[in-house]
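First the structure, in the form of structure tokens, and then the observations on it.
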Amino acid sequence: MGSASPGLSVVSPGCLLLSPDVALRTGVEKPAVETVGPEKREWSPSPPATPEQGLSAFYLSYFNMYPEDGSWVAKVPAASAREEPLEEPEQCPVIDSQASGSSLDEHSLEQVQSMVVGEVLKDIETACKLLNITADPGDWSPGNVQKWLLWTEHQYRLPPAGKAFQELGGKELCAMSEEQFRQRAPLGGDVLHAHLDIWKSASTSEEGWTDGEVDSSCSGQPIHLWQFLKELLLKPHSYGRFIRWLNKEKGIFKIEDSAQVARLWGVRKNRPAMNYDKLSRSIRQYYKKGIIRKPDISQRLVYQFVHPV
DNA sequence: TAACAGGAAAATT
DNA sequence: AATTTTCCTGTTA
């Protein structure tokens, strides 16, 4: 795992570089990115209307900002190992990267991305719980702001800058430019600002699920559960915390938050009493229909589309 | 304890 | 009629 792979361009320990053009397109201001490749690659397969522009900036900065000494490279596998200590290599080509390096572009990159999105959002979620603050920085009280600063400083080993932002509420904080951040906190102000950006993008992409519909494609027929699941899987930036691909090519996916996925399904079908017990029963109906099955190595909350595309 | 497997039947379209 | 929901008994990790 330690060896850098050509496909994934592990630039330096702790800095996994996603396609550099992302940085250009979004004008993200990260000096750490020296590599400037002209290659082009679409960031996300989903329709263009959504806030992914902000999001790509958000990943990049997340990467470059990730602290210390190679911990990041180790972090992706480690994070998945949390739940399934022995993830099959074939289900996780991300780690399989030293092989050939040729095929490892489009698809694997996509997988890495959606995986990363999930991780980032999960991190934010846990931070929210830990600090007892909302995900949306706009709602923060001055106290919340201080908590967030403290936590971020700690996470990323930044010099303390809390008192430079005293008395500031979330609204004011969000309104501040990077320049203003740097004025208040010459050391690490830029990093703090970039992090705030991450939180902002993450919480705007969240509006989608809170009460809004999952998709506006009201095309007559009632939607099937398997279609719904694919819809969610298509939008990792919104739903990556709840459900994500383990191996998109093979159609293997994992439900990370069964309660939330069930809730969303209930919203879509106007079935407020929906829960994972019932949702999973519906999935099981697909077994004999040959639409979804359990993967060869059966794991909790992991299913596989029989005909992936 | 939560996920899993499926039978049975009601409900929804 | 097809599909999903609801409820259920029992098993597995």
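So you know, we letter chains A, B, ... as the sequences are listed, proteins then strands, and number each from 1.
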Quick check on DNA chain C: between Lys289(A) and Lys278(A), whose nearest nucleotide comes earlier from the 5' end? Lys289(A)
Once you round it to whole Å, what is the distance between P of dT12(C) and CD of Gln299(A)? 19 Å
If the helix axis at each end comes from five base pairs, how far does the helix from dT1(B)-dA13(C) to dT13(B)-dA1(C) deviate from straight, to 10°? 30°
So among Leu233(A), Leu234(A), Leu232(A), which one has a side-chain contact (heavy atoms from CB on, under 4.5 Å) with Tyr239(A)? Leu232(A)
Contacts of Arg184(A) that satisfy salt bridge (Lys or Arg N to Asp or Glu O under 4.0 Å) - sequence neighbours left out: none
Interatomic distance where CD1 belongs to Ile223(A) and C1' belongs to dT3(C) [whole Å]: 13 Å
Separation of Ile252(A) CD1 from Trp245(A) CH2 (nearest 0.5 Å): 10.0 Å
Side chain to side chain contact (heavy atoms under 4.5 Å, CB included), that's the test. Do Ser298(A) and Val302(A) meet it? Break it down for me. CA-CA 7 Å; Ser298(A) 180; Val302(A) 177; over 6 Å; no
Sequence neighbours excluded, the answer for side chain to side chain contact (heavy atoms under 4.5 Å, CB included) partners of Lys163(A) is Gln166(A)
All side-chain hydrogen bond (donor to acceptor under 3.5 Å, both in side chains) counterparts of Thr134(A), not counting sequence neighbours: none
Close N/O contacts between protein and nucleotides 5-7 of chain B (under 3.5 Å):
unit_1 : atom_1 : unit_2    : atom_2 : d
dA5(B) : OP2    : Tyr287(A) : OH     : 2.6
dA5(B) : N7     : Arg284(A) : NH1    : 3.1
dG6(B) : N7     : Arg281(A) : NE     : 3.2
dG6(B) : N7     : Arg284(A) : NH1    : 2.7
dG6(B) : O6     : Arg284(A) : NH1    : 3.1
dG7(B) : N7     : Arg281(A) : NH2    : 3.0
dG7(B) : O6     : Arg281(A) : NE     : 2.7

Of all residues at least two apart in sequence or in a different chain, which pass the side chain to side chain contact (heavy atoms under 4.5 Å, CB included) check with Glu172(A)? Leu168(A)
Apply side chain to side chain contact (heavy atoms under 4.5 Å, CB included) to Ile291(A) and list each qualifying residue two or more places apart in sequence or on a separate chain. Trp226(A), Tyr286(A), Lys289(A)
Could you check how far CD1 of Ile297(A) sits from C1' of dA13(C), rounded to whole Å? 17 Å
Contacts of Glu125(A) meeting side-chain hydrogen bond (donor to acceptor under 3.5 Å, both in side chains) (sequence neighbours excluded), chain-then-number -> none
Closest to the Tyr286(A) side chain: dT5(C), dT4(C), dC4(B)? dT4(C)
Would you mind reading off the distance between Arg268(A) atom CZ and dT4(C) atom C1', rounded to a whole angstrom? 15 Å
Compile the donor-acceptor pairs under 3.5 Å between side chains in residues 276-283 of chain A and protein atoms, sequence neighbours left out, one pair per line.
unit_1    : atom_1 : unit_2    : atom_2 : d
Tyr276(A) : OH     : Tyr303(A) : OH     : 2.8
Lys278(A) : NZ     : Ala273(A) : O      : 2.8
Ser280(A) : OG     : Tyr276(A) : O      : 2.9
Ser280(A) : OG     : Asp277(A) : O      : 2.9
Ser280(A) : OG     : Arg284(A) : NH2    : 2.7

Between protein and nucleic acid, restricted to nucleotides 10-13 of chain B and to nitrogen or oxygen atoms under 3.5 Å apart, what atom pairs and distances do you find?
none

Report the residues that fulfil side chain to side chain contact (heavy atoms under 4.5 Å, CB included) with Ala127(A), sequence neighbours left out, ordered by chain and then residue number. Trp151(A), Trp199(A)
Phe228(A) CZ to dT5(C) P: how many Å, rounded? 10 Å
d(CH2, Trp265(A); P, dT4(C)) in whole Å: 6 Å
N or O in side chain of Ser280(A) less than 4.0 angstrom from dA3(B) OP1/OP2: no
Just to verify, what does Asp257(A) make a side-chain hydrogen bond (donor to acceptor under 3.5 Å, both in side chains) with, not counting sequence neighbours? none
Note: for Tyr276(A) and Gln285(A) on DNA chain B, the residue whose nearest nucleotide lies more 5' is Tyr276(A)
Can you tell me the distance, in whole Å, between the NE2 atom of His224(A) and the C1' atom of dT5(C)? 15 Å
What is the distance from CG of Leu279(A) to P of dA2(B), rounded to the nearest Å? 17 Å
